[in-house]
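First comes the structure, then the notes that go with it.
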Amino acid sequence: MNNLKIKKICCVGAGYVGGPTMAVIADHCSDLKVNVVDRNEERIRNWNHKDISNLPIYEKGLDQIIKRTRNKNLFFSTKIEDAIAEADMIFISVNTPIKNKGLGAGQTSDLRWVESCARKISLHAKGHTIVVEKSTLPVRTAKTIKDILFASNDDLNEKNKKTFSVLSNPEFLAEGTAILNLEKPDRILIGGEDKKSIEALVEIYLRWVPRKKIITTNLWSSELSKLTSNAFLAQRISSINSISAICESSGADVYEVANAIGKDTRIGSQFLNPGPGFGGSCFKKDILNLVYLCNYFGLSEVASFWESIVRINQWQQDRIYKKIVESLFGNISGKKIAILGFAFKAGTNDTRESPAISISKNLLLEGAKLAIHDPKVQPSQIQNDLSDYLLTQEDNNKDLKNNKSNLMFFTDIYQAAEGAHALIIITEWDNYKKIDWNIISKNMSKPSWVFDTRGILAKDKINKYGINFWQLGDGSGKN
Ligand code: UDX
Ligand code: ADP
């Protein structure tokens with residue numbers, strides 16, 4: 001192993017992490033060939049779609065980068081084995097959701113995709129390959145990956161033996177601002193044991209990231225830093241959300257409180273927006289992984305500290321749903337309710353762990369008819385997320401005749417609100433800040449309610465049209 005100059009990169013997994021990350025690397029490293037592979041044919045077809053608006057992932061600025069790099073030095077394909085065989089460096093960016101059955105179900109990540117990916121690399125890689133963990137993984141997964149990678153060597157003769165080094169290079173991008181985060185990262189974290197491999201990856205980032213922002217650590221510190229970083233961010237949200245409830249009861253206003261505490265430089269002003277609870281693929285999963293790890297090491301007090309962050313998050317979603325039902329006289333059966341926003345936050349089409357899912361499910365259970373609007377999320381995705389709670393096909397056919405289907409999709413906000421008893425803002429999309437409440441007030445059922453779980457609407461603008469208004473964390477009506 002003399003030369004670790006990287007010429008060809010492969011990324012397994014063309015999802016929210018793999019796609020944008022590789023696009024930015026390709027954009028800054030025109031001399032590198034970057035192959036992004038995925039076993040999902042439809043996803044790859046969409047990444048290769050002529051019409052750039054059909055990319056499988058919506059991220060501001062991503063389409064322009066894809067235009068510049070695609071089929072020049074960035075390639076999307078399903079030829080996983082070929083891409084692995086020719087790569088000097090392979091990023092693992094596959095999904096790692098929480099296990100839904102078996103040992104550790106509901107607590108730790110399901111590593112079946114990582115394992116199958118490591119097995120493929122082990123079989124098809126040639127010579128020396130640097131394997132980089134990009135997906136968020138439980139601490140010590142690098143050990144599992146190493147064990148799998150080296151296993152296939154047992155069957156090879158000395159001449160054909162392969163070598164690997166494993167690095168951890170967690171991604172800190174946030175959806176909606178992925179390109180900005182990738183272009184101007186707060187830091188790049190690389191954990192590993194082999195200095196030459198670390199330096200090879202550092203060299204790639206140095207094309208656009210200053211060296212002082214690149215941190216190198218041991219493998220386990222890198223893996224744990226990613227979990228800890230997400231746990232701290234989620235903790236801030238649960239903290240301010242818990243305060244939002246005290247504000248409503250005590251007469252305080254959570255935005256005034258957040259502003260006041262955020263001025264303390266030790267606290268800082270970011271990530272203090274109260275809301276319906278954090279969503280996204282990472283926060284809950286990473287905290288649960290941390291909790292699992294704590295329990296594994298017998299640190300039950302530490303485990304329960306972090307577990308409470310997830311509990312409060314669910315409680316926040318539940319209390320919003322209860323507030324809606326109570327305000328509508330304890331009965332929402334057959335009532336139309338408009339849900340504005342289904343993505344877990346603005347700027348993305350991702351619905352994973354979106355608070356909209358649990359709030360909608362509870363409303364459907366109470367018999368409500370939901371009219372859903374989201375500027376980026378496809379109705380098929382929402383249908384999938386709520387599938388267990390929808391009327392059956394048989395019910396649906398029957399009820400459609402009676403115009404009683406319990407889920408409707410709208411591309412027009414005003415139509416979604418027509419005849420609705422309540423309108424709930426769940427995602428903070430900019431369009432919702434510009435709604436004409438005069439029109440809405442005329443079309444809704446009376447008494448009409450607006451629930452703003454994101455604090456994006458002005459109370460006086462809505463109240464003047466005779467609409468009842470509830471805003472999360474606003475106790476100012478209390479005397
Ligand atoms: C997060 C981390 O920010 C990122 O570093 C990591 O790589 C992946 O996980 P992401 O899940 O994409 O990114 O979005 P983020 O902006 O962190 O928001 C997560 C959730 O918290 C969203 O549901 C968002 O609405 C919510 N949130 C965020 C709040 O409710 N209030 C805030 O102040 C910030
Ligand atoms: P993330 O948010 O972590 O990027 P996604 O679910 O958006 O997660 O993307 C992960 C991608 O990894 C999916 O498109 C999935 O098809 C792909 N994938 C999972 N396992 C494998 C595998 N063994 N080989 C190739 N692709 C895989």
Side-chain angles (χ1 to χ4, degrees), residues 1-15 17-19 21-23 25-26 28-41 43-44 47-48 69-94 111-135 137 141-169 190-205 207 219:
M1 186 180 61
N2 303 317
N3 186 3
L4 284 188
K5 180 105 187 87
I6 306 300
K7 295 195 183 81
K8 289 180 183 165
I9 288 182
C10 163
C11 172
V12 187
V17 172
T21 310
M22 292 304 122
I25 290 182
H28 285 284
C29 311
S30 55
D31 55 320
L32 287 184
K33 181 179 178 193
V34 181
N35 280 313
V36 184
V37 289
D38 202 296
R39 56 185 185 171
N40 181 333
E41 288 179 9
R43 216 167 217 195
I44 292 297
W47 278 112
N48 283 322
T69 53
R70 194 173 60 187
N71 297 330
K72 293 194 179 85
N73 66 327
L74 176 68
F75 302 88
F76 293 95
S77 96
T78 50
K79 293 186 180 147
I80 303 173
E81 288 84 359
D82 294 355
I84 288 175
E86 67 172 45
D88 312 304
M89 180 178 274
I90 302 175
F91 288 82
I92 300 184
S93 290
V94 300
L111 292 182
R112 78 176 94 164
W113 294 276
V114 171
E115 180 171 343
S116 104
C117 181
R119 284 184 191 280
K120 271 216 171 103
I121 297 173
S122 165
L123 275 179
H124 301 285
K126 298 216 165 82
H128 181 71
T129 312
I130 301 172
V131 176
V132 185
E133 296 175 341
K134 212 26 155 168
S135 321
L137 296 163
T141 304
K143 167 86 172 67
T144 312
I145 294 178
K146 273 191 210 167
D147 289 347
I148 295 170
L149 289 176
F150 285 101
S152 70
N153 258 347
D154 298 345
D155 306 327
L156 298 174
N157 59 37
E158 218 37 61
K159 196 168 135 256
N160 290 329
K161 284 229 187 294
K162 311 167 183 197
T163 51
F164 296 98
S165 57
V166 177
L167 302 178
S168 157
N169 172 219
I190 302 174
E193 287 149 353
D194 174 35
K195 291 220 160 20
K196 281 187 178 172
S197 302
I198 294 176
E199 205 42 41
L201 185 52
V202 169
E203 286 296 325
I204 293 177
Y205 284 112
R207 314 280 189 102
L219 265 173

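For clarity, every value in this text was computed on a predicted model and none was experimentally measured. All values below were derived from every heavy atom in this structure, side-chain atoms included, with hydrogens, water molecules and symmetry-related copies excluded.
S168 approaches E133 most closely through the heavy-atom pair CB-OE1, 3.5 Å. In terms of heavy-atom proximity, N35 sits nearest to A83 at CB-CB, 3.9 Å. Across every non-hydrogen atom of A14 and D38, the tightest pair is N-OD2, 2.7 Å. The minimum heavy-atom distance linking I145 with I92 is given by the pair CD1-CD1, 4.1 Å. Annotation for E193 and I198: closest pair N-CD1, 4.4 Å, computed over non-hydrogen atoms. A pairwise comparison of heavy atoms in A26 and T69 identifies C-CG2, 4.0 Å as the closest pair.
Taking NE2 from H128 and OG from S165, the interatomic distance works out to 3.5 Å, rounded to the nearest 0.5 Å. Atom CD in E203 sits 5.5 Å away from atom CD in E199 (nearest 0.5 Å). Taken from OG in S30 to CZ in R207, the straight-line distance is 7.5 Å, to the nearest 0.5 Å. Note that NE2 of H124 and CD of E86 are 13.5 Å apart. Values are rounded to the nearest 0.5 Å. Considering OG of S197 and CD1 of I6, their distance stands at 7.5 Å, rounded to 0.5 Å. Note that the OG1 atom of T141 and the CG atom of L219 stand 10.5 Å from one another [nearest 0.5 Å].
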* side-chain contact (heavy atoms from CB on, under 4.5 Å) assessment of R70 paired with N48 -> CA-CA 8 Å; R70 194 173 60 187; N48 283 322; 4.1 Å; yes
* Do L32 and I204 pass the side-chain contact (heavy atoms from CB on, under 4.5 Å) test, and can you show the C-alpha distance, the side-chain angles, and the key distance before you say yes or no? -> CA-CA 9 Å; L32 287 184; I204 293 177; 4.1 Å; yes
* To do: Could you walk me through whether S135 and V17 pass side-chain contact (heavy atoms from CB on, under 4.5 Å), step by step?
  => CA-CA 8 Å; S135 321; V17 172; over 6 Å; no
* Mind running side-chain contact (heavy atoms from CB on, under 4.5 Å) on M22 and I9 for me, showing each step along the way? => CA-CA 9 Å; M22 292 304 122; I9 288 182; 4.1 Å; yes
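Looking at residues two or more places apart in sequence or on another chain, you find a salt bridge (charged side-chain N to carboxylate O under 4.0 Å, His left out) between D147 and K143. Partners of F76 according to the ring-ring contact (aromatic ring centres under 6.0 Å, His included) rule, which considers only residues two or more places apart in sequence or in another chain, are W47. Contacts of F164 classified as ring-ring contact (aromatic ring centres under 6.0 Å, His included), with partners at least two apart in sequence or in another chain: F150. Every residue two or more places apart in sequence or in another chain was checked for a salt bridge (charged side-chain N to carboxylate O under 4.0 Å, His left out) with K195, and none qualifies. Listed by chain and residue number, S152 satisfy the side chain to side chain donor-acceptor pair (under 3.5 Å) test with S122 (two or more places apart in sequence, or in another chain). Evaluation of the side chain to side chain donor-acceptor pair (under 3.5 Å) rule for T21 yields no partner, not counting sequence neighbours.
Using a 4.5 Å heavy-atom threshold, the side chains of T144 and E115 count as separate. Contact of the F91 side chain with the V34 side chain is not registered, since no non-hydrogen atoms from C-beta on lie closer than 4.5 Å.
Each of N169, L167, V94 was checked for a side chain to side chain contact (heavy atoms under 4.5 Å, CB included) with K134, and the lone residue meeting it is N169. Partner of I121 under the side chain to side chain contact (heavy atoms under 4.5 Å, CB included) criterion, out of L149, I80, I148: L149 alone.
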